[in-house]
4 protein chains.
Amino acid sequence: MIIVLKQGVSQQKIEELSAHLESKGVKVNTWFGTSKTVLGLIGDTSGIDIESIAAQDIVETVKRVQEPYKKANRKFHPDNSVIKINENAVIGDGSIAIIAGPCSVENKEQICAVAQKVKASGATFLRGGAFKPRTSPYTFQGLRAEGIELLIEARKMTGLPIVTEIMSPTHLDQFEEVDIIQVGARNMQNFELLKELGRIKKPILLKRGLANTIEEFLMSAEYIMSGGNEQVILCERGIRTFETYTRNTLDISAVPILKRLSHLPVVVDPSHASGIPWLVEPLSLAAVAAGADGLIIEVHNDPQKALSDGAQSLTPDAFDKIAKSIFSLKKALGS
Amino acid sequence: MIIVLKQGVSQQKIEELSAHLESKGVKVNTWFGTSKTVLGLIGDTSGIDIESIAAQDIVETVKRVQEPYKKANRKFHPDNSVIKINENAVIGDGSIAIIAGPCSVENKEQICAVAQKVKASGATFLRGGAFKPRTSPYTFQGLRAEGIELLIEARKMTGLPIVTEIMSPTHLDQFEEVDIIQVGARNMQNFELLKELGRIKKPILLKRGLANTIEEFLMSAEYIMSGGNEQVILCERGIRTFETYTRNTLDISAVPILKRLSHLPVVVDPSHASGIPWLVEPLSLAAVAAGADGLIIEVHNDPQKALSDGAQSLTPDAFDKIAKSIFSLKKALGS
Amino acid sequence: MIIVLKQGVSQQKIEELSAHLESKGVKVNTWFGTSKTVLGLIGDTSGIDIESIAAQDIVETVKRVQEPYKKANRKFHPDNSVIKINENAVIGDGSIAIIAGPCSVENKEQICAVAQKVKASGATFLRGGAFKPRTSPYTFQGLRAEGIELLIEARKMTGLPIVTEIMSPTHLDQFEEVDIIQVGARNMQNFELLKELGRIKKPILLKRGLANTIEEFLMSAEYIMSGGNEQVILCERGIRTFETYTRNTLDISAVPILKRLSHLPVVVDPSHASGIPWLVEPLSLAAVAAGADGLIIEVHNDPQKALSDGAQSLTPDAFDKIAKSIFSLKKALGS
Amino acid sequence: MIIVLKQGVSQQKIEELSAHLESKGVKVNTWFGTSKTVLGLIGDTSGIDIESIAAQDIVETVKRVQEPYKKANRKFHPDNSVIKINENAVIGDGSIAIIAGPCSVENKEQICAVAQKVKASGATFLRGGAFKPRTSPYTFQGLRAEGIELLIEARKMTGLPIVTEIMSPTHLDQFEEVDIIQVGARNMQNFELLKELGRIKKPILLKRGLANTIEEFLMSAEYIMSGGNEQVILCERGIRTFETYTRNTLDISAVPILKRLSHLPVVVDPSHASGIPWLVEPLSLAAVAAGADGLIIEVHNDPQKALSDGAQSLTPDAFDKIAKSIFSLKKALGS
């Protein structure tokens with residue numbers, strides 16, 4: 001951390017600030033320029049609140065040099081993290097993992113039919129919403145606990161591990177049988193939920209918030225990891241911009257950036273990023289080309305009757321064609 | 001809701017869609033144009049998922065005409081809602097309410113000293129963070145339950161009702177003595193929390209999310225209200241944009257828009273919107289001129305040593321001067 | 001400018017970079033820390049390209065300490081700049097100037113009628129579009145040269161100085177009789193146009209671009225001023241965000257920030273910022289309360305038949321009421 | 001265009017509005033619902049100003065059904081447009097075109113050296129800035145006319161057609177020898193410049209503005225095409241968002257969307273979109289996978305000494321490696 005002081009600050013004030021900083025466990029180097037003085041902090045500055053320093057009346061500006069995340073940081077963990085549920089279901093090992101399924105679990109026939117179809121097309125995980133975050137209190141809120149039961153049935157039938165979203169720490173005991181717990185974009189900074197998830201031993205698929213920076217995204221992963229649970233999967237799912245043609249704007253650059261800054265696996269959700277079924281294929285291919293470890297794709301056996309988010313779902317046949325393109329591209333890139 | 005169908009849709013398909021829609025309790029009027037057919041839905045469309053309709057393969061485009069919120073809608077509740085804690089502490093009655101206090105409650109001396117100072121300057125509510133949402137797991141997370149105890153002490157001393165933020169439904173029993181529960185921007189779409197708050201009988205101060213539209217903001221208020229708790233205060237606190245000079249961009253237009261669309265009181269948080277103490281005065285005056293019912297202002301007895309968000313806090317003396325300007329402007333506008 | 005070098009950089013490389021920087025006219029101070037070396041540049045760094053420095057392979061990060069604008073900078077010009085066309089038409093002297101008129105000049109009757117009405121309500125400048133920037137090539141593009149003639153007629157009739165927009169340096173000779181030349185938001189970084197306007201002796205009303213930061217806005221003013229024309233008026237007119245209720249989002253914070261960073265007068269355009277007539281009054285009052293020197297308001301004698309931008313225009317009667325509120329607020333604030 | 005009228009509008013007012021609309025050359029169908037009346041406009045609505053209609057006091061809301069662009073619209077021109085300079089330099093024919101070269105032309109040695117290198121790596125066009133749009137008036141503004149002379153020399157040496165940016169219609173005669181004229185992001189809505197470029201017979205590479213929607217982008221292409229010049233190449237180069245890690249956010253979805261809505265070729269500029277050399281490779285691959293017809297990549301023989309934008313330039317060796325990856329991916333996708 002580099003702290004530029006205002007002009008004409010007294011020697012005593014500089015010493016006071018330095019002493020205050022050193023009391024927080026960092027070493028302070030002072031550089032006296034002709035007009036301004038600069039302090040350089042050496043050591044672990046992650047516990048120092050940059051805004052409190054900036055508020056000191058002798059401080060002109062502060063610049064962080066070190067990343068504020070540690071456990072998620074590739075610098076301290078050069079190898080890729082790999083999340084492995086079983087031999088067939090792995091994320092981050094260099095293959096491309098596909099997590100597919102309907103936005104909402106609706107009934108046994110639906111979820112089992114979709115699970116069998118997506119498995120046949122090469123998906124290695126089944127997704128399905130049981131607890132649904134909906135903008136309106138008047139629209140379908142998901143089957144909740146019953147939805148998780150149905151996912152478990154579909155897993156029994158197909159062997160696909162299941163991924164589903166949690167919305168509150170009070171529901172945690174209902175997720176015991178779930179293989180990967182998803183944290184949705186709207187809860188990316190639900191810090192109390194993140195803390196709870198840091199205490200369990202289950203992979204967490206963390207979606208980037210609609211208005212959150214890459215650094216904030218990694219800090220939310222850090223919340224989970226600092227609690228002891230280092231199995232985090234990062235998911236880019238589009239950010240909010242002025243463009244209205246797509247529901248959100250897929251930030252494709254986030255994929256290589258996250259891979260460089262962190263050792264955690266990165267997956268992309270082209271369905272929610274765009275909200276448009278015919279964009280799923282080109283965006284999936286772009287994600288794979290940019291280095292993503294996996295994709296989350298909405299597939300519904302009858303998208304036009306889907307109880308939620310039908311607009312962005314594909315039929316199993318359309319998904320099958322896309323999965324073929326994805327695997328074919330991955331193969332070409334790998335060789 | 002107006003649904004424009006694609007060209008050349010068969011009569012049978014139109015009838016099927018109409019029947020499906022009427023089964024959801026709305027009346028469908030059909031208008032056959034020379035090339036396209038338009039359906040007009042009459043009745044309560046709030047339970048109809050606009051995206052599911054848009055996903056039908058015979059549908060070209062859908063436009064909502066009616067607002068999706070009902071309890072928060074001024075159309076169905078023309079008079080202003082007023083939140084009254086006691087004779088001296090009222091929001092929405094035409095006066096300007098000032099909620100002031102430190103970002104974080106730190107100790108008894110601090111919170112009591114600030115409470116006395118802000119009361120003397122005309123604040124009618126005391127705010128203070130006990131549970132703190134922080135981007136980093138390594139920075140101060142608030143005194144939590146102890147912080148609420150200290151706020152209660154400050155209330156005993158000054159009589160000021162207390163406003164503090166909740167971060168999880170699991171903490172609700174610790175908020176029994178709190179006068180107004182705040183939902184922070186990061187939890188505006190924490191729907192499970194909103195549902196819980198809809199079941200209690202206590203005013204909720206709901207902050208707008210950093211990337212949420214005005215309509216989504218009102219839908220979150222609707223979540224609380226549809227549960228039975230109609231005492232909601234809306235708080236504009238800045239949205240995220242490309243501008244980096246300020247921490248967020250205060251959306252001043254949201255004030256008159258919210259007042260027109262809804263009957264709920266609207267307050268503004270110039271401290272978090274800007275993150276810059278010298279902007280608090282001009283932004284407070286702008287908010288009052290635009291029709292806000294109140295302001296939330298961070299005041300700290302020693303901003304430079306504040307454990308969090310010191311950068312945006314004022315001293316009690318600076319606050320006193322600003323409060324004088326605010327009341328003087330309000331008086332001028334009222335006459 | 002503070003340059004943080006990467007770890008382990010050789011002494012020779014540091015000296016080479018220092019020599020390169022000193023060749024550009026700045027003095028370089030070097031601070032050797034235990035692990036990293038920091039260079040501090042002293043002197044006028046406005047000609048140094050921060051991105052070229054950041055591209056050096058020995059550089060970790062660069063931070064500008066000094067603002068890159070000079071002529072627009074309040075530090076070097078503490079007093080407010082005042083733009084004075086005549087005794088009655090002044091911007092920046094502590095009064096509130098109102099520039100009013102139709103989006104497009106349509107015919108003599110229209111522009112003269114509006115001019116007389118807005119003058120009677122207290123406007124001191126007449127605005128009207130002759131050259132119109134329109135998103136579509138198929139919609140009305142303005143009366144162009146003829147529009148300027150009609151504005152001159154309206155000025156003869158009322159004495160109000162005229163403000164109108166230029167779209168190309170090739171049109172400059174048609175603006176000789178215009179009192180204040182407006183540069184629209186879409187041309188804020190049309191640098192060749194700005195350079196031409198820097199060579200003339202006429203006040204320029206520069207609108208902020210839809211996606212431009214406050215610093216870029218001041219740099220565009222600097223383009224004009226560095227050419228020799230220091231009569232620049234800054235206009236905040238809304239930025240582009242995700243919010244769709246308003247056409248743009250008025251960045252009210254820009255008003256006090258621009259007033260603090262620069263000595264140039266600042267006006268606000270509530271009509272274009274919102275695109276909604278009923279928002280003009282609250283946004284105008286907010287702008288005055290935040291410290292604006294003036295307002296630009298669209299007024300049309302028959303908004304429903306306006307050839308362009310009718311949606312955001314007011315009738316003269318509605319404008320009269322708003323002007324009264326504005327002057328009354330300004331009086332209250334002044335006392 | 002669908003116009004929803006307010007409740008209780010009189011029959012006479014409806015007829016007046018219909019007559020007004022029909023006078024503009026469209027046919028109006030009226031649909032009387034139980035409470036509201038809807039007008040459906042049939043025919044060419046591109047000359048009707050949607051905002052003027054919305055301003056009518058009897059109108060509740062207006063929705064455009066038809067795209068406002070015609071010449072750029074794939075509906076009216078199903079086949080891909082192909083821009084062909086010579087047998088070796090084609091954009092839009094199913095191959096991947098690479099336009100490479102330095103941000104700024106600096107001197108003959110530099111531009112010729114880079115041209116030879118990028119040609120050897122497979123680039124088929126040479127880019128180089130002669131007229132440079134720079135945020136600051138105090139930084140290098142380009143060699144201007146001399147820069148174009150140097151590009152012509154490099155073309156003589158290598159045979160590569162040249163692409164360079166125009167900033168003002170007053171410079172047009174200096175571009176006679178240029179093969180493709182580029183319009184920069186800051187000038188995407190410099191409508192007077194677009195009109196001038198519509199009158200010439202030379203391909204135009206039009207960059208998307210930093211805050212412009214896909215529809216506005218196509219409308220700017222329409223400005224050029226409606227003037228008679230249908231040789232337009234669209235370039236996605238990143239939009240402005242809240243994310244600060246990258247200079248801009250590459251909107252990868254724009255590639256397939258533009259290809260679907262329009263027949264014009266689409267290229268991507270990963271250098272300006274990200275501002276980070278190590279992102280050029282993954283973003284280039286993502287663009288190709290998403291369906292782009294070409295790429296514009298900054299290459300400099302000595303990036304660390306580049307006079308502008310060095311930060312985002314690659315060395316020729318780095319570019320060579322990336323070009324190999326691009327061609328290899330394109331081959332894999334094609335098969």
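As the structure is a computational prediction, the values presented were derived from the model and not from experiment. Protein chains get the first letters and strands the later ones, always in sequence-line order, with residue 1 at the start of each.
- For A:T30, the part lying near chain C is the backbone, with the side chain staying farther off; criterion is any non-hydrogen pair under 4.5 Å.
- The distance from the CD1 atom of C:I53 to the CD1 atom of C:I48 is 6.0 Å, given to the nearest 0.5 Å.
- Classified by interplanar angle (parallel below 30°, tilted 30° to 60°, perpendicular above 60°), the ring pair A:F191/A:Y223 is parallel.
- Separation of atoms CG (C:L218) and CG (C:N212) is listed at 11.0 Å; rounding is to 0.5 Å.
- Side-chain atoms of A:V9 and A:L17, non-hydrogen and from C-beta on, never get closer than 4.5 Å to each other.
- In terms of heavy-atom pairs under 4.5 Å with chain C, the best-connected choice from A:E60, A:R240, A:K63 is A:K63.
- Heavy atoms closer than 4.5 Å to chain C are found in the backbone of A:V62, but not in its side chain.
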